[in-house]
Protein chains: 2
Amino acid sequence: MLSDVMEDYLKAIYTLQLEHGPPVSTSDIAEYLGKTPPTVTSMVGKLEDRGLLDREKYKGVELTDEGETVALEVLRHHRLLEAYLTEHLDYSWSEVHDEADALEHHISEEFERRVAAALGEPEVDPHGDPIPSADLTPPDSSDTSALTDHGVGDRLVVSRVSDRDPAELEYLSEAGVTPGTTIEITDIAPFGMVTVRVVDNDREQSLPESVARTIRVRPPDEPCDNEEVSPA
Amino acid sequence: MLSDVMEDYLKAIYTLQLEHGPPVSTSDIAEYLGKTPPTVTSMVGKLEDRGLLDREKYKGVELTDEGETVALEVLRHHRLLEAYLTEHLDYSWSEVHDEADALEHHISEEFERRVAAALGEPEVDPHGDPIPSADLTPPDSSDTSALTDHGVGDRLVVSRVSDRDPAELEYLSEAGVTPGTTIEITDIAPFGMVTVRVVDNDREQSLPESVARTIRVRPPDEPCDNEEVSPA
DNA sequence: ACCCCGGATTAGACGTGTCTAAACCAAATA
DNA sequence: TATTTGGTTTAGACACGTCTAATCCGGGGT
């Protein structure tokens with residue numbers, strides 16, 4: 001019923017909503033998807049007609065519950081695929097994103113169920129992103145915060161890293177900064193550079209602010225159900 | 001570069017060429033793909049422009065080597081996926097076709113390699129259809145013949161069954177008529193019904209001519225490399 | 001040799017998703 | 001309050017893949 005393209009828009013809007021909160025602007029969507037603003041205007045018009053989002057002209061856009069459900073379905077496909085490729089087909093951590101993007105629109109409900117079963121109904125993908133549950137209720141990340149919201153001396157456990165840029169992923173993977181890793185912030189330079197110490201291997205790692213902003217962390221003590229992460 | 005739709009046309013033409021030999025008519029392609037003849041005319045025009053097939057107006061169409069290579073690539077994807085779904089995701093014999101059709105256009109070369117490796121570089125899919133090799137040379141089925149080309153008393157080994165109709169597959173699977181099965185033709189009725197005895201379980205099975213026509217068989221003695229087939 | 005009929009092609013249209021160029025609104029600035 | 005400016009939307013175009021309706025071949029029967 002919905003085209004692949006529409007699903008991509010809904011996924012993008014969902015992601016942007018999480019990052020910056022609604023309303024999401026035309027140009028942000030255009031930027032994110034690599035389309036021109038008029039294209040986005042035309043597409044959100046169609047999505048509005050289908051009741052998948054609410055739009056206020058010249059303001060921006062917000063997903064309806066129905067639109068959010070579709071976005072979560074696609075996201076569930078994406079993250080299950082990432083987990084499966086890593087776990088069962090020997091993909092490295094940074095290779096899975098594009099493959100999952102290509103496949104996420106074309107797998108059946110049956111396939112989704114079987115992949116989830118083969119993985120043991122996982123709750124996070126290899127990057128630490130939460131996999132929406134089969135009933136498509138919105139996952140809650142309120143127990144995590146951005147690395148950049150913390151200060152020197154704070155001891156934290158990495159919860160998620162962004163999966164947008166493969167090079168960045170490669171770098172973080174090399175550095176040992178992966179979901180589950182305990183780190184300590186050793187320095188914050190005024191020009192936007194965060195230095196952390198990886199507790200396991202005692203190595204120091206400097207991260208540009210743009211990267212640090214995409215890393216989600218949680219306090220080290222309280223146990224959490226995000227541990228069954230498999231490295232690349 | 002090529003669209004999914006174009007790949008579907010090339011795959012269809014390849015299949016029809018194997019069945020009836022070139023040239024393949026517009027209406028046969030239309031019938032096979034569930035499109036109207038004008039749509040097919042327009043599409044084969046584009047495929048001809050790209051050098052993927054040769055066309056003689058009002059006669060029909062024949063794949064070029066390049067077009068055949070594309071068809072084999074898609075077929076390799078399709079059949080590797082069928083084998084993988086059956087082997088590793090617990091799909092039954094008759095469920096895999098549609099899933100493979102949906103995914104075959106969207107997997108990367110990398111994915112193809114890893115799936116082939118996970119399966120141990122198989123040479124046939126669960127239906128017994130030959131999987132084109134990675135170098136995309138045309139597979140040769142000259143060692144097999146149609147069941148309908150044989151007579152009463154002939155003892156044969158099933159080599160392949162068609163994967164077009166899930167109900168038919170279900171039926172054959174129930175009946176124990178699967179690749180590798182040894183059968184003996186016990187009767188051929190004049191009104192198009194072939195009766196075979198499955199040697200393993202000694203059951204008799206009547207098959208309409210339309211089904212028998214799609215079953216490929218080979219002589220029972222000489223060993224062949226088509227044995228590593230997994231049942232549903 | 002002529003005609004006819006079935007299959008093939010052309011003509012013209014439509015929906016989707018995209019673009020560029022032009023018009024437009026609204027919020028910040030003067 | 002008037003104006004500038006930057007993001008948004010409208011207008012118009014195009015490629016793709018599909019359809020229906022109309023036209024056109026070409027082989028088989030008379």
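Excluded from the calculations below are hydrogen atoms, water molecules and symmetry mates; all remaining heavy atoms, backbone and side chain alike, are included. Naming convention: chains lettered A, B, ... in sequence-line order (proteins, then strands); numbering from 1 in each chain.
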Which nucleotide in the set [options] lies at the smallest distance from any side-chain heavy atom of [X]?
| X | options | value |
| --- | --- | --- |
| A:Ser27 | D:dT8, C:dT9, C:dG17 | D:dT8 |
| A:Tyr58 | C:dC25, C:dA8, C:dA11 | C:dC25 |
| B:Lys46 | C:dG17, D:dG17, C:dC24 | D:dG17 |
| A:Pro38 | C:dA8, C:dT20, D:dT18 | C:dT20 |
| B:Ser42 | C:dG17, D:dT18, D:dG26 | D:dT18 |
| A:Tyr9 | D:dT20, C:dT18, D:dT8 | C:dT18 |
| A:Lys57 | D:dT10, C:dT9, D:dC19 | D:dT10 |
| A:Thr36 | D:dT9, D:dG17, C:dT20 | C:dT20 |

A:His150 to A:Ile185 - nearest heavy-atom pair and separation:
CB-CD1, 3.7 Å

Where each residue is assigned the nucleotide of DNA chain C containing its nearest heavy atom, which of A:Lys59 and A:Asp4 is assigned the position nearer the 5′ end?
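This one resolves to A:Asp4.
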
Below 4.0 angstrom from OP1 or OP2 of C:dT10, is there any side-chain N or O of B:Thr41?
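Indeed not, no polar side-chain atom of B:Thr41 lies that close.
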
Below 4.0 angstrom from OP1 or OP2 of C:dA8, is there any side-chain N or O of B:Arg55?
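B:Arg55 to C:dA8 OP1/OP2: no side-chain N or O under 4.0 Å.
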
Evaluate the ring planes of B:Tyr84 and A:Tyr84, with Trp represented by its six-membered ring, and classify them as parallel (under 30°), tilted (30 to 60°) or perpendicular (over 60°).
perpendicular

Would you mind classifying the nucleic acid contact of A:Thr39 as base, sugar-phosphate or nothing, using non-hydrogen atoms under 4.0 angstrom?
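Result for A:Thr39 = base.
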
Assess, by modelled atom type and distance only, whether the side chains of B:Asp165 and B:His97 contain a donor and an acceptor separated by less than 3.5 Å.
no

If we ignore angles and hydrogens, is there a donor and acceptor under 3.5 Å between the side chains of A:His78 and A:Asp129?
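No.
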
